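Notes follow once the structure below has been shown.
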Protein chains: 2
Amino acid sequence: MAGQENKNKTDGLDDRKLRILHAVIRNYLETGEPVGSRTISKYTDLNLSSATIRNEMSDLEEMGYIVQPHTSAGRIPTDKAYRLYVDTMMEEKEREISDLKGLLSEAEEKMDLMLKKVARVLAVNTNYATVVTAPAIHGNKLKFIQLSRVDDAQLLATIVVEGNVIRNSMIPVDEVINEETLLKLNILLNSHLNGMSLDEINLGMITLLKEQAGIHAGIVGDILDAVAQAIRGDEDLEVYTSGATNILKYPELADNQKAGELINTFEEKKALAKIAEESLDDGSTGGIQVYIGEEAPIDSMKDCSVVTATYELGDGMRGSIAIVGPKRMDYDKVVGTLKTMKDELENTYKKKGGGGKKKGSAGKKE
Amino acid sequence: MAGQENKNKTDGLDDRKLRILHAVIRNYLETGEPVGSRTISKYTDLNLSSATIRNEMSDLEEMGYIVQPHTSAGRIPTDKAYRLYVDTMMEEKEREISDLKGLLSEAEEKMDLMLKKVARVLAVNTNYATVVTAPAIHGNKLKFIQLSRVDDAQLLATIVVEGNVIRNSMIPVDEVINEETLLKLNILLNSHLNGMSLDEINLGMITLLKEQAGIHAGIVGDILDAVAQAIRGDEDLEVYTSGATNILKYPELADNQKAGELINTFEEKKALAKIAEESLDDGSTGGIQVYIGEEAPIDSMKDCSVVTATYELGDGMRGSIAIVGPKRMDYDKVVGTLKTMKDELENTYKKKGGGGKKKGSAGKKE
DNA sequence: GATTAGCACTCTAAAGAAATGAGTGCTAAC
DNA sequence: GTTAGCACTCATTTCTTTAGAGTGCTAATC
C-alpha cells in the first residue's frame with residue numbers, strides 16, 4: 001500500500017530525480033538560500049556534472065517541485081516538494097527522536113502550568129513559535145454541583161465535570177434564599193444530574209427539575225445554563241503560546257508586515273483554537289499532522305508550516321500541541337520533538353485525572 | 001507653589017527658550033524627524049529668523065534638552081525635555097479629553113472580558129501597546145469556604161474572598177472522608193474564618209483549628225494554604241495585553257532585535273505585573289504616571305515611554321492600565337484617554353462587587 | 001546688545017554606475 | 001545519456017556622485 005501511494009505521489013519521478021529533489025530540499029532547509037546545480041553536483045554522491053543536474057532540475061521545475069525566485073538564481077522547493085518530503089519522511093521513520101528527553105525537568109503539579117511549560121520549552125528548543133491547547137472535554141459527564149450562598153443577592157454554583165474541570169458561576173437571585181432551601185436545591189440537582197452527559201440532560205429532565213424546584217425554577221434554569229457551558233467547555237478553550245517572536249528570526253517571515261499580523265494572531269490567541277479543532281479530527285499519522293503553506297488552518301500562517309500533535313489523556317480529553325515556523329522548517333526534528341512531548345504529556349496525566357500527582361512524572365517511557 | 005516648582009524645573013529657561021523647546025517637542029512628536037531651525041522659525045508665532053532660533057537651540061542643546069543625532073541634522077528632544085513637557089502639561093490641563101467617550105460600546109458583564117476589551121480598545125485607538133491588570137485585592141477578607149467531596153482521594157475547596165474572587169483548590173486526602181465529617185469541617189472552618197483577613201489568621205487561630213480538626217489536621221493545613229493564596233491573590237495577578245505588535249509601527253523601536261524582546265515581554269506577561277506594582281504606590285497625579293525612557297519600570301522598555309493609570313474600585317481593589325509606546329508618544333492624547341478609561345471602569349464596577357451589572361455603563365461622566 | 005542675512009561646511013540619504021559572481025540555458029562534442 | 005564550454009541574466013555589493021537639509025560662524029543691521 002505504501003508503495004502504491006508512493007507511486008501516486010512521486011508520479012513521474014524516477015529515482016535520480018527524487019534524490020536530486022531531496023538534496024535540494026535538504027540543502028535549502030539548512031541554508032535558506034536558493035540551491036544551484038553545482039552545489040548539488042558536489043552535495044550528492046551521484047557523481048553527475050552540474051550540467052546534468054541542470055537538465056534534471058529543469059525537469060523538476062516543469063513538474064512543479066522547484067522554482068527559481070528569479071532567472072539566474074538557484075532553485076527553491078515548492079509546497080508540493082515539501083509535501084512529498086514530509087510524506088515520505090513520515091512513512092519511513094517511526095523512530096522516535098527524543099534528543100530532548102527529560103527536557104521537562106520535572107512535571108508540574110497543575111496542568112495549566114505544565115502546558116505553559118511545554119509551550120515554552122518547545123519554543124526555546126526549536127526556535128519556532130508554539131501553541132498548546134488544554135485538553136477539551138468531549139462528551140464528558142457532570143460530576144457534581146455545589147450551590148453556596150454568597151450574599152443576599154447571589155448564589156455561587158461550583159460545577160465539577162469529570163476530569164476535574166471546575167467552573168464557578170454566580171447566580172443572581174431576587175429573593176433571599178435560606179439555608180434549608182439551599183440544601184434542598186443542592187440535593188435536587190445532584191440527585192438528578194450527577195453522572196449525566198450533555199445529551200442526557202434533555203428537555204424532559206429540565207422540565208422535571210424546574211417543576212420540583214417550584215418557585216425557584218428560575219434559579220435552576222440559570223444553573224443549568226452554567227452546567228451546559230461547563231460541560232461543553234468550548235467557550236474558554238485555554239490556549240498557551242510561546243516564542244511568537246521567534247518568527248522574527250526568519251527573514252522570509254520577518255520582513256513584511258505580515259509578521260506583525262502573525263504575531264498578533266498569537267497575542268489574540270482566540271483564532272488559535274482553530275488549530276486544535278482542525279487537528280483533532282485525525283488520528284491516522286500517530287497524531288501528528290503537517291500543514292504546509294496554503295494548507296495551514298489559519299490565514300495569517302499561509303507563509304508558514306504548521307505541525308500539530310494531538311495528545312490524548314483518556315476519558316475523551318484531547319488537546320493539541322502545535323509548532324509554527326517557516327516552510328523551510330526542520331520537519332524531522334520538529335516531528336520527533338512533538339512525538340516526545342506528546343508521549344511525555346500522556347504519560348504524566350493519562351487517567352490520573354486532570355489534577356495530576358506530585359510524583360512519578362515520566363513513568364512509562366523507555 | 002506651582003510657580004516655584006516650575007522655576008526649579010525650568011531652571012535657566014526663559015520664556016522664549018521654553019516656547020522654542022515646546023515647538024521642537026511638538027513637532028518631533030508629530031513627524032518623528034529631527035527638527036531644524038528653519039521649521040521652528042515658521043512653526044511658531046515668535047517671528048524670529050532661523051539664525052536666532054539656531055542660537056537658542058544651541059543653548060538648549062548645551063542645557064541638555066535637545067540633541068543632534070549627527071552634525072548637520074535637526075534636533076530631537078532628550079528624556080529631560082520630555083519630562084519637562086509632560087510635567088508642565090500635566091499641571092496645566094485638568095481638562096478631560098474624552099474623544100473616545102462611549103468607546104466601550106457596552107460594558108461587559110464579566111470583569112475579565114471587560115478588561116480584555118479595555119486593552120483592545122485602547123490599543124486599536126492609540127496605536128500603542130497596552131497592558132491592563134485586574135484589580136488585586138489588598139488586605140481583603142475571606143467570605144466563606146465550601147468544602148466538597150470530589151472522589152475518595154480528593155476534596156474540593158472553593159474559597160470566596162470579599163469582592164467575589166473565587167478560587168478552587170484540590171485537596172488530596174489519604175483516607176475516605178464521609179459526608180458527616182465533611183459537614184463538620186465545613187462548619188468548623190466557616191465559623192472561625194469567615195470575615196477574617198490574612199493578618200487575623202494567626203498562628204494561634206491555625207493551631208486552634210488544627211486541634212479541633214483532630215485527625216484531619218493535615219487537611220485543614222492544606223486548606224489554609226489555599227486560603228492564604230486566595231487572599232493574597234498575588235500568584236496569578238491577571239494581566240491582559242493588546243496591540244503588542246503596534247510597536248513594529250514605530251521605526252525607532254521596530255528596527256533592532258530589541259523589538260523582539262519587547263514583544264516577548266508582552267507575550268510572557270509575567271514581567272508586566274511589575275508595571276502594576278510600580279504604579280500602585282502613587283496617588284498624587286490623579287492616578288496617572290508617566291515613565292520616560294530610562295525611568296520605565298521594565299528593562300525591555302528602556303527605549304519607550306510608559307503611561308500608567310491606576311483605577312480604584314473601592315474595598316482596596318486596585319488595578320492598572322498602562323500604555324507602552326515610543327518616547328515620542330502623543331502624551332496629551334494618551335493621558336486623556338487613560339483618564340477616560342479609568343473613569344469608565346470605576347463608574348462601571350465601583351462598589352458593585354466584582355461581578356458587575358448588566359446595565360448602566362457610563363453613568364457619572366459629564 | 002539682539003537680530004538677521006549670508007556663506008562655507010558637514011553629513012545623510014538617494015540615485016547612478018560599475019564590478020562581482022552565482023547560476024542558468026543552450027550547443028556541440030564525447 | 002552525459003558533459004564541457006560559453007554567452008547571458010540578474011541580484012548584490014561597492015563606489016561615486018548628487019541633492020538637500022541643517023548647522024555654525026561672521027559681518028552687517030536694527
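Please read all numbers here as calculations on a predicted model, not as lab measurements. Naming convention: chains lettered A, B, ... in sequence-line order (proteins, then strands); numbering from 1 in each chain.
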Atom CZ of A/R38 with >12 non-hydrogen neighbours under 6.0 angstrom: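 For A/R38, atom CZ is not crowded (no more than 12 foreign heavy atoms under 6.0 Å).
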
Distance check needed: [N] [atom2] versus [X] [atom1], whole Å only.
{"X": "B/R16", "N": "C/dA2", "atom1": "CZ", "atom2": "P", "value": "9 Å"}
{"X": "A/H70", "N": "D/dC8", "atom1": "NE2", "atom2": "C1'", "value": "15 Å"}
{"X": "A/K42", "N": "C/dA22", "atom1": "NZ", "atom2": "C1'", "value": "12 Å"}
{"X": "A/Y28", "N": "C/dG23", "atom1": "OH", "atom2": "P", "value": "14 Å"}
{"X": "A/D59", "N": "D/dG1", "atom1": "CG", "atom2": "C1'", "value": "13 Å"}
{"X": "A/E33", "N": "C/dG21", "atom1": "CD", "atom2": "C1'", "value": "14 Å"}
{"X": "B/N47", "N": "C/dA2", "atom1": "CG", "atom2": "C1'", "value": "15 Å"}
{"X": "A/I53", "N": "D/dA4", "atom1": "CD1", "atom2": "P", "value": "12 Å"}

B/I323/B/M329 under side-chain contact (heavy atoms from CB on, under 4.5 Å): CA gap, chis, key distance, verdict: CA-CA 10 Å; B/I323 287 188; B/M329 174 189 280; 4.1 Å; yes

Rounded distance (nearest 0.5 Å) linking atom OG of A/S242 with atom CG of A/L122: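 Here the rounded value is 8.5 Å.
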
Criterion salt bridge (charged side-chain N to carboxylate O under 4.0 Å, His left out) on A/K258 and A/D299, from CA distance to verdict: CA-CA 11 Å; A/K258 278 185 186 172; A/D299 259 13; over 6 Å; no

Heavy-atom protein contacts under 4.0 Å, nucleotides 24-30 of chain C, coded B base, S sugar-phosphate only, - none: BB-----

Flag for A/T52-A/S49: side-chain donor and acceptor within less than 3.5 Å: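 Side chains of A/S49 and A/T52: pair found under 3.5 Å.
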
Worked check of salt bridge (charged side-chain N to carboxylate O under 4.0 Å, His left out) between A/R83 and A/D87: CA-CA 6 Å; A/R83 171 99 334 251; A/D87 286 349; 3.0 Å; yes

